[in-house]
Amino acid sequence: MQRINASIGFDRKLAAEDIAGSKAHATMLAAVGILTREDADAILGGLDRVADEIAQGTFVFKTELEDIHMNVEARLAELIGEPAGRLHTARSRNDQVATDFKLWVRGAFVRLDGDLKALQVALLDQAEAHADAVMPGFTHLQLAQPVTFGHHLLAYVEMFGRDRDRVLAGLARSDECPLGAAALAGSPFPIDRQATAKALGFARPTANSMDSVSDRDFALDYLASCAIAAVHVSRLAEELVLWTSDQFRFVKLPDAWTTGSSIMPQKRNPDAAELARGKTGRVLGALQALLVTLKGLPLTYSKDMQEDKEPVFETEETMALVLAAMTGMIRDLTPDRDALRTAAGKGYATATDLADWLVRELNLPFRKAHHVTGTLVKLAESKGVPLDQLTLGELKSVESGINQGVYSVLSIDASVGSRASYGGTSPERVRQAVIAARSRFL
Ligand code: ARG
């Protein structure tokens, strides 16, 4: 029974929140006259000593005391005697654990926001430095149109910005304090829930005592925010894996972020990026685990809910690790600007620019222009040259109206430079977007 029942092995992580919750509760009990001032002072002083013991590492966590709540209270009783037994008046472990865990998750939200912001800073610095580095943009992983490296990185700044929005929304939704809901029905004592909510940094108490002890939406919000952010990290990690490969050679990671092979001396494997991608599986699994744990539970508290903590604690550690590694890799990578430019010039990436020119200058319908361009790409392909090396005569053989002016759009720099629409990839736009993103996010 003890082995399946005890949670102290992991919920000791809630010690600081548990002590803060108990101090707020004791202070409130004294303020409304349920506890004498002397008892409350003894409790507050004792809780500080417990906190010290935990901080010093001298506190003995006991499995037979099941969880952090009972461990703290039992030690308090050893330290101060009888008044310790009065602390649990007008509360239950059900509202206590909901409060502790919610406080912890709120801290985790704030840490996640900071880690996401640090990654945005690294991306923005690289985007600024390489606002004009042309590279291939892909659809279907086939070369599509030239873009800039800065523009590509700014796409991730947007993703992590939305992740931070979700974090803020999660914080706003978790701003209600469950303490005082007691076991499930509320308390017959004249408690002041506004006071405890305020003391613990919540905006207000929760409105329904049954919901208070059954609700773990704050943990789901946290895991869902992490899951989406982890998917973004994973996509970026996948790009690093591709970009650092011999086939691409777009980016160099310093040795500090790669590993060698025990048998192949030439290898520089992007293990940190692969692990950032790989660990996403755990994060997605944690969200799924908690959703499934909660889905069949009748109101109110069931012990199943003790299973809420480990997925959240593990996810917090994983996210901190993965975001730190990703931030370091982005900060320390060097794009190979020449290789990026060469790759952008392959594969007829300016074909769309040619079609657009035919529409703009010769007033061809876009479908016709698309067809003419397709014929010219085939011609260039058969001659083994890029589009801008077809002669004017060759161009005219397919569409007689084409003139010298077309060459101004066939180069990759012209292509990238022309895409100056809001949100577009022209270097000038990208520089503006970096400035705008800094003021939106930092
Ligand atoms: N260790 C429990 C948990 O984490 C605390 C709440 C216990 N409540 C109860 N009625 N047994 O959920």
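Indexing begins at 1, ligand by ligand and atom by atom, following the structure's order.
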Could you list the donor-acceptor pairs under 3.5 angstrom formed between side-chain atoms of residues 141-149 and any protein atom two or more places apart in sequence or on another chain?
residue : atom : partner : partner atom : Å
Gln145  : NE2  : Thr352  : OG1          : 3.0
Thr148  : OG1  : Ala131  : O            : 3.3
Thr148  : OG1  : His151  : N            : 3.1

Using atom types as modelled, flag every donor-acceptor pair under 3.5 Å from a side chain in residues 251-258 to any protein atom, sequence neighbours excluded.
residue : atom : partner : partner atom : Å
Asp255  : OD1  : Arg268  : NE           : 2.9
Asp255  : OD1  : Arg268  : NH2          : 2.7
Trp257  : NE1  : Gly328  : O            : 3.4
Trp257  : NE1  : Asp332  : OD2          : 2.9
Thr258  : OG1  : Asp255  : O            : 3.3

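For an aromatic pair to be called close, the ring centres must be under 6.0 Å apart, and Phe10 with Phe313 fails this.
Scanning for side-chain contact (heavy atoms from CB on, under 4.5 Å) contacts around Glu64 gives Gln2, Lys62, with sequence neighbours left out.
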- Task: Please lay out, stage by stage, how Asp356 and Val409 fare under the test side chain to side chain contact (heavy atoms under 4.5 Å, CB included).
- Result: CA-CA 9 Å; Asp356 287 344; Val409 301; over 6 Å; no

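Note: Arg282 CZ to Thr315 OG1 = 9.5 Å, rounded to the nearest 0.5 Å.
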Short N or O separations between ligand 1 and the protein, below 3.5 Å:
residue  : atom   : partner : partner atom : Å
ligand 1 : 1 (N)  : Ser7    : OG           : 3.2
ligand 1 : 1 (N)  : Asp67   : OD2          : 3.0
ligand 1 : 1 (N)  : Gln306  : OE1          : 2.7
ligand 1 : 4 (O)  : Lys309  : NZ           : 2.5
ligand 1 : 8 (N)  : Asn94   : OD1          : 3.0
ligand 1 : 10 (N) : Asn94   : OD1          : 3.0
ligand 1 : 12 (O) : Tyr301  : OH           : 2.5

